[in-house]
Amino acid sequence: MLRRRSEFFVFLDGMRAKPEEEQREEPPQSACEEYLQVLLQMKTTSSDQFDNLEKHTQWGIEYLDKYTKFVKERSEIEINYAKQIRNLSKKYQPKKNSREEEESKYSFCRAFLVTLNELNDYAGQHEVIAENLTSQIISELSRYLQDLKTERKTHFHDGRKAQQHIESSWKQLEACKRRFERDCKEADRAQQYFERMDADINVTKADVEKARQQAQMRHQMAADSKSEYSAHLQKFNQEQNEHYFTIIPNIFQKLQDMEEKRIERLGVCMKTYADVDRQVLPIVGKCLDGMTKGAESIEPKADSKQVVESYKSGFEPPGDVEFEDYGQAMKRTVSNTSLTNVKETKEKAGGKSKGKLWPFIKNKNKGSGPEDFSHLPPEQRRKKLQGKLDELNKDIQKEMDQRDALTKMKDVYVKNPQMGDPTSVDPRLAEIAGSIERLQSEVQKFEGWLAEVEERMPSKSDTHRKSGLYETQNSTITPTTVNNNCAQDRESPDGSYTEEQNSETQVKAAVNPTSGTPEFDDEFDDEETLPTIGTCKALYPFEGHNEGTIAVAEGELLYVIEEDKGDGWTRVRRNEDQEGYVPTSYVEVFLETNAKGAMTYI
């Protein structure tokens, strides 16, 4: 038995050192060898595979969490992008003022407004993307991650528990085996001792019997240990078979199912990620189509026509400027009679009255102007009066609607006194009646002004002035006819028509007949010095050949003394003695307080 036990341990050491292939090539020859092979398989399968699966499943959960963070960052980007797009659209939306309302009549302005509105809707679609990403992916994956962690923990807990159980059963089997081995050794020693005692003639019969009983007891203990070891071995084999063929495969299968579900859920989320974008594409396309349609609705000719209608003055173009022959006056002898005639002519002309070409006549009215808009050109005055009439008519209609509503309420109170006192409505009705009467009188007043403007405006057939009006007079100019022919009818921007004679020129020509060139008064000499209201910078050079203008050089700085009143001209001053009009489009105006002290004269 000792020899056999020694061979057993030597065989055990050899099995531990042999590779797995050699173990498979040599089939077990005994129950001990089969047991050892199962033991080695248990050690390699349980610990190694559970460690590998634990690492892999943990990596899978971390990867799913990584994808969740990716979608969350994409959602934040969409929200920030939508916010920036909305702010951009809001920034360029037209403000509620008269200037922006005036711009809305141009097609390109309306097209830009359509673009801004569509851009706002476009931003809304990116908000939808962020919302769907959050609700359909981020929230779902966050809940699923918690469930996945719990499920994984449960499976590995069951696996560790099964592993501990089989290891505990193995330890019990090892204990039984060692006890059986020990009892066998004790039984062998007792048997050998009995045999020596039995062969020794010097030993008493009682000692031999005692040794025999001891050997029998040891053999019985060995037999009991063998039975216990055999029972534990059978139990362990059943548990081991169940562990490796039922419990562990089930746990592995559950882990495999868990991994497959995780991968499947990740694939579904990736598809949803693409579908979220795809769902808003039709609406985004409509937004872009709206922008394109708005751009295609731009009508350059209609816009330019609107500009013409907005700034059309209704003035009739001036006629030809007649030749004034001052040479005839120089040849005459100055006499008391001629001076008297000149003085009388000057008095009739109105003293300081001087003729101006109408493009340079400035509106002296400050603020909003008179109530009848007489400071405006005829066409602009007609539009203002018509707009005022439309506004008054709307107010009248509003008051009449309120009156009708109160009248119906009063009728209800009369029929049902419990609902209210009919007389309580009378003060409000009287107030509305007075308001309607006042508005109607205003309408009559503005209608009268409008009729007056329409009567004074020239008809289309009278837009061309007759030429050659003074052709016969120019051939026979005399000192008397000079005084009469130099007067021309001018239609001024304020709607008035005056007949002005250049009598001051006649007086100077008569007083100084020998002068080589006639002396002219500057048109600003008789006016008060206007205060500076700002500065301007010349963007382009302007020669200023016409009367009332002033020549400027590109980049020159000037003082503004009267801003543009709608005719395209700005009145400026270079120094105390030089001032005149320049085109508004030629200068960049800076209106500010105390501007005069911020600049020196050029």
Side-chain angles (χ1 to χ4, degrees), residues 57-150 152 259-300 302-303 306:
T57 53
Q58 179 63 29
W59 174 80
I61 291 177
E62 292 174 355
Y63 196 88
L64 192 63
D65 184 60
K66 175 182 177 181
Y67 182 78
T68 304
K69 292 179 180 179
F70 159 74
V71 179
K72 185 176 181 181
E73 290 186 12
R74 164 70 191 281
S75 177
E76 293 174 354
I77 290 174
E78 293 292 339
I79 292 176
N80 293 332
Y81 178 67
K83 183 179 180 180
Q84 292 177 358
I85 290 294
R86 285 193 183 277
N87 291 338
L88 179 64
S89 175
K90 183 179 179 181
K91 177 181 178 181
Y92 286 93
Q93 284 285 347
K95 304 299 186 296
K96 299 300 182 181
N97 54 46
S98 58
R99 177 61 180 169
E100 297 294 344
E101 292 176 359
E102 183 180 354
E103 289 181 358
S104 63
K105 64 186 177 182
Y106 298 110
S107 62
F108 63 89
C109 295
R110 294 194 298 270
F112 182 51
L113 181 60
V114 169
T115 300
L116 293 176
N117 293 334
E118 294 294 348
L119 191 64
N120 194 59
D121 295 339
Y122 176 82
Q125 298 311 307
H126 285 275
E127 291 176 346
V128 171
I129 291 177
E131 181 180 353
N132 290 339
L133 288 176
T134 302
S135 61
Q136 299 180 21
I137 297 181
I138 299 175
S139 299
E140 293 294 329
L141 286 184
S142 298
R143 289 193 295 267
Y144 180 68
L145 272 172
Q146 298 300 324
D147 297 339
L148 188 63
K149 291 178 181 179
T150 303
R152 173 181 175 276
E259 276 292 290
E260 291 176 355
K261 289 180 181 178
R262 178 188 65 81
I263 297 171
E264 181 182 4
R265 178 64 66 90
L266 184 60
V268 171
C269 290
M270 289 181 177
K271 183 180 178 182
T272 304
Y273 179 85
D275 290 339
V276 166
D277 267 348
R278 188 177 290 109
Q279 289 171 0
V280 302
L281 288 180
I283 302 179
V284 171
K286 290 182 179 179
C287 294
L288 299 178
D289 292 341
M291 296 180 188
T292 303
K293 187 176 180 181
E296 292 174 349
S297 66
I298 295 177
E299 299 177 353
D303 289 347
Q306 286 285 351

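Residue numbers count from 1 along this sequence.
- For the atom pair CD1 (Ile61) and CG (Leu64), the distance works out to 8.5 Å, reported to the nearest 0.5 Å.
- Under the ring pair (Phe, Tyr, Trp, His ring centres under 6.0 Å) criterion, Tyr144 pairs with no residue at all, not counting sequence neighbours.
- Take Glu259 and apply the side chain to side chain contact (heavy atoms under 4.5 Å, CB included) test, not counting sequence neighbours, and it matches His56, Thr57, Arg262.
- If you take CG on Leu133 and CD on Glu76, they are separated by 11.5 Å, rounding to the nearest 0.5 Å.
- Smallest separation of non-hydrogen atoms from Val114 and Gly290: CG1-O, 3.5 Å.
- Applying the side chain to side chain donor-acceptor pair (under 3.5 Å) rule to Glu73 yields no partners; only residues at least two apart in sequence or on another chain are considered.
- For the atom pair CG (Leu119) and CD1 (Ile85), the distance works out to 5.0 Å, reported to the nearest 0.5 Å.
- The distance from atom CD1 of Ile137 to atom OG1 of Thr272, rounded to the nearest 0.5 Å, is 5.5 Å.
- Under the rule for a side chain to side chain contact (heavy atoms under 4.5 Å, CB included), the partners of Glu260 that lie at least two apart in sequence or sit in another chain are Gln256, Asp257.
- With sequence neighbours left out, the side chain to side chain contact (heavy atoms under 4.5 Å, CB included) criterion links Ile138 to Thr68, Val71, Lys72, Ser75, Thr134, Ser142.
- By the neighbour-count criterion of 12 heavy atoms within 6.0 Å, atom CD of Glu264 is sparsely surrounded, having that number or fewer from other residues, nucleotides or ligands.
- Rounded to the nearest 0.5 angstrom, Tyr273 OH and Tyr67 OH are separated by 7.0 Å.
- Among residues at least two apart or in separate chains, ring-ring contact (aromatic ring centres under 6.0 Å, His included) pairs with a member in residues 116-137 are Tyr81-His126, Tyr122-His126.
- Taking the salt bridge (Lys or Arg N to Asp or Glu O under 4.0 Å) definition, one finds that Glu118 meets it with nothing, sequence neighbours left out.
- Residue pairs that meet the side-chain hydrogen bond (donor to acceptor under 3.5 Å, both in side chains) test with at least one member in residues 287-299, sequence neighbours left out, do not exist here.
- The two atoms that bring Ala123 and Ala82 nearest to each other are O-CB, 3.3 Å, heavy atoms only.
- Residues satisfying the side chain to side chain contact (heavy atoms under 4.5 Å, CB included) criterion with Gln306, sequence neighbours excluded, are Lys105, Tyr106.
- For the atom pair CG (Leu88) and CD (Gln93), the distance works out to 10.0 Å, reported to the nearest 0.5 Å.
- Checked by atom type and distance alone, the side chain of Asn87 pairs as donor or acceptor with a backbone atom of Lys83 at under 3.5 Å.
- The environment of Glu131 atom CD is sparse: at most 12 non-hydrogen atoms of other residues, nucleotides or ligands sit within 6.0 angstrom.
- Every pair passing side-chain hydrogen bond (donor to acceptor under 3.5 Å, both in side chains) that includes a residue from residues 107-116 is listed here, sequence neighbours excluded: Ser107-Asp303.
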Kindly list each side-chain donor-acceptor pair under 3.5 angstrom involving residues 275-285, sequence neighbours excluded, with atom names and distances?
from, atom 1, to, atom 2, distance (Å)
Asp275, OD1, Arg278, NH1, 2.7
Asp277, OD1, Arg74, NH2, 3.1
Asp277, OD2, Arg74, NH2, 3.0

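- Among residues two or more places apart in sequence or in another chain, the salt bridge (Lys or Arg N to Asp or Glu O under 4.0 Å) test is passed with Lys149 by none.
- The side-chain heavy atoms of Arg265 and Leu141, taken from C-beta on, include a pair separated by under 4.5 Å.
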